[in-house]
Amino acid sequence: MPNEPLLQIGTITDRMADALDAKFDRTVLFDQPDRAAFLRDRGADFRAILTDGHWGVPADVAATTPNLKVVSSYGVGYDAIDAPSFAERGILIAHTPNVLNDEVAVTAVMLWLAVYRGLVPADAHARSGAWEEKGFPLTRSPMDRRVGILGMGRIGETIAQMVQAFRAEVHYHSRSEKDVPYAYHATPEALAEAVDVLIVITPGGPETKHLVDADVLKALGKGGTLINVSRGSVVDEGALIDALQDGTIAGAGLDVFEQEPKIPQALKDMPERVVLTPHVGSATMETRQAMGDLVVRNLTRWLDDGTVETPVPECRSLNG
Ligand code: 8YV
């Protein structure tokens with residue numbers, strides 16, 4: 001029997017490719033010189049798609065794959081996939097929850113510490129020899145701060161646990177109050193008002209677009225720091241730039257941006273107060289291996305029995 005055709009969108013690791021190629025006949029969308037012609041001619045062959053959180057399933061692919069049954073995404077966030085309409089078509093979507101909780105939490109804490117302790121300018125100071133002329137200015141201690149978590153899901157909870165090491169007082173906002181020992185606030189603005197550091201880790205998508213706007217930044221206030229490790233769309237980037245430039249807030253640590261991989265020059269121009277990373281929240285060898293293995297397990301299990309290990313909530317009723 002020929003292997004099951006698999007359409008790959010985005011890049012994967014060699015380990016994933018080796019595991020998949022034993023069972024699937026993998027075709028890489030971005031290798032096709034004429035994407036429209038390829039999708040027209042071959043789209044109907046694919047029952048399975050492998051993608052990631054950045055690319056999701058683009059509209060032209062969704063429209064040309066009438067026999068699609070499963071999408072396995074290499075990431076936890078699936079805002080680039082129209083999950084409700086896929087669920088309606090009976091298509092299972094799988095993602096990679098939990099295995100990246102620690103790593104994304106580490107990234108959030110790393111950005112917070114880097115902003116507070118001036119890691120990037122301190123490195124520049126040491127490296128340039130400026131230290132021979134003058135000492136480095138004093139910075140802010142991260143200890144005993146009020147830390148706000150916007151989005152108390154699995155990663156939010158992991159961040160809350162991790163910041164205990166810094167004796168943080170944890171506050172949060174999410175759509176509903178959770179059974180957690182932290183102070184709940186009914187709105188993002190009330191949360192921002194109550195904290196020194198606001199860490200954004202809510203899912204992306206239309207429901208959370210610009211949840212952090214000018215009003216939330218104003219509430220965060222002059223000494224406030226914004227950390228975003230979720231999706232660029234959750235923060236109004238224009239309002240954030242204004243707030244940083246006019247001193248409405250003190251600093252920011254950003255791993256995600258509205259137009260990735262493009263980063264506004266204004267953000268790059270504030271290295272003393274803004275730390276930037278290129279969407280590397282989960283990007284360690286260990287965590288990407290765990291995520292990749294889960295992507296492969298979801299696809300091979302679907303091949304075996306038509307179910308996946310980690311469906312997104314919208315598709316749970318389709319999973320066997
Ligand atoms: C990936 C992510 O960078 O899991 C997510 O939602 O944002 C990241 O782990 C993303 O899936 C793109 O590969």
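Counting convention: from 1, in listed order, for ligands and their atoms alike.
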In a simple table, one pair per line, please give the protein and ligand 1 atom names for every N or O pair closer than 3.5 Å, along with the distance.
unit_1   : atom_1 : unit_2 : atom_2 : d
ligand 1 : 3 (O)  : R288   : NH2    : 3.2
ligand 1 : 4 (O)  : V76    : N      : 2.7
ligand 1 : 6 (O)  : V76    : N      : 3.4
ligand 1 : 6 (O)  : G77    : N      : 2.7
ligand 1 : 6 (O)  : R231   : NH2    : 2.8
ligand 1 : 7 (O)  : R231   : NH1    : 2.8
ligand 1 : 7 (O)  : R231   : NH2    : 3.4
ligand 1 : 7 (O)  : H279   : NE2    : 2.7
ligand 1 : 9 (O)  : S282   : OG     : 2.7
ligand 1 : 11 (O) : G53    : N      : 3.0
ligand 1 : 11 (O) : Y74    : O      : 2.9

Self-check item: From CA spacing to verdict: salt bridge (Lys or Arg N to Asp or Glu O under 4.0 Å), E4, K23
Solution: CA-CA 7 Å; E4 174 77 30; K23 303 207 164 176; over 6 Å; no
Give the table of side-chain donor-acceptor pairs shorter than 3.5 Å for residues 245-253, with sequence neighbours excluded, one pair per line with atom names and distance.
unit_1 : atom_1 : unit_2 : atom_2 : d
D246   : OD1    : T248   : N      : 3.0
D246   : OD1    : T248   : OG1    : 2.5

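Pairs passing the salt bridge (Lys or Arg N to Asp or Glu O under 4.0 Å) check and including a residue from residues 201-230, sequence neighbours excluded, read R175-E207. Residue pairs satisfying the ring pair (Phe, Tyr, Trp, His ring centres under 6.0 Å) criterion with at least one member in residues 36-65, sequence neighbours excluded, are listed as follows: F30-W55.
A parallel orientation is assigned to the rings of H185 and H171, their planes being inclined by less than 30° (bins at 30° and 60°).
For the atom pair CG of L138 and CZ of R117, the computed distance is 9.5 Å after rounding to the nearest 0.5 Å.
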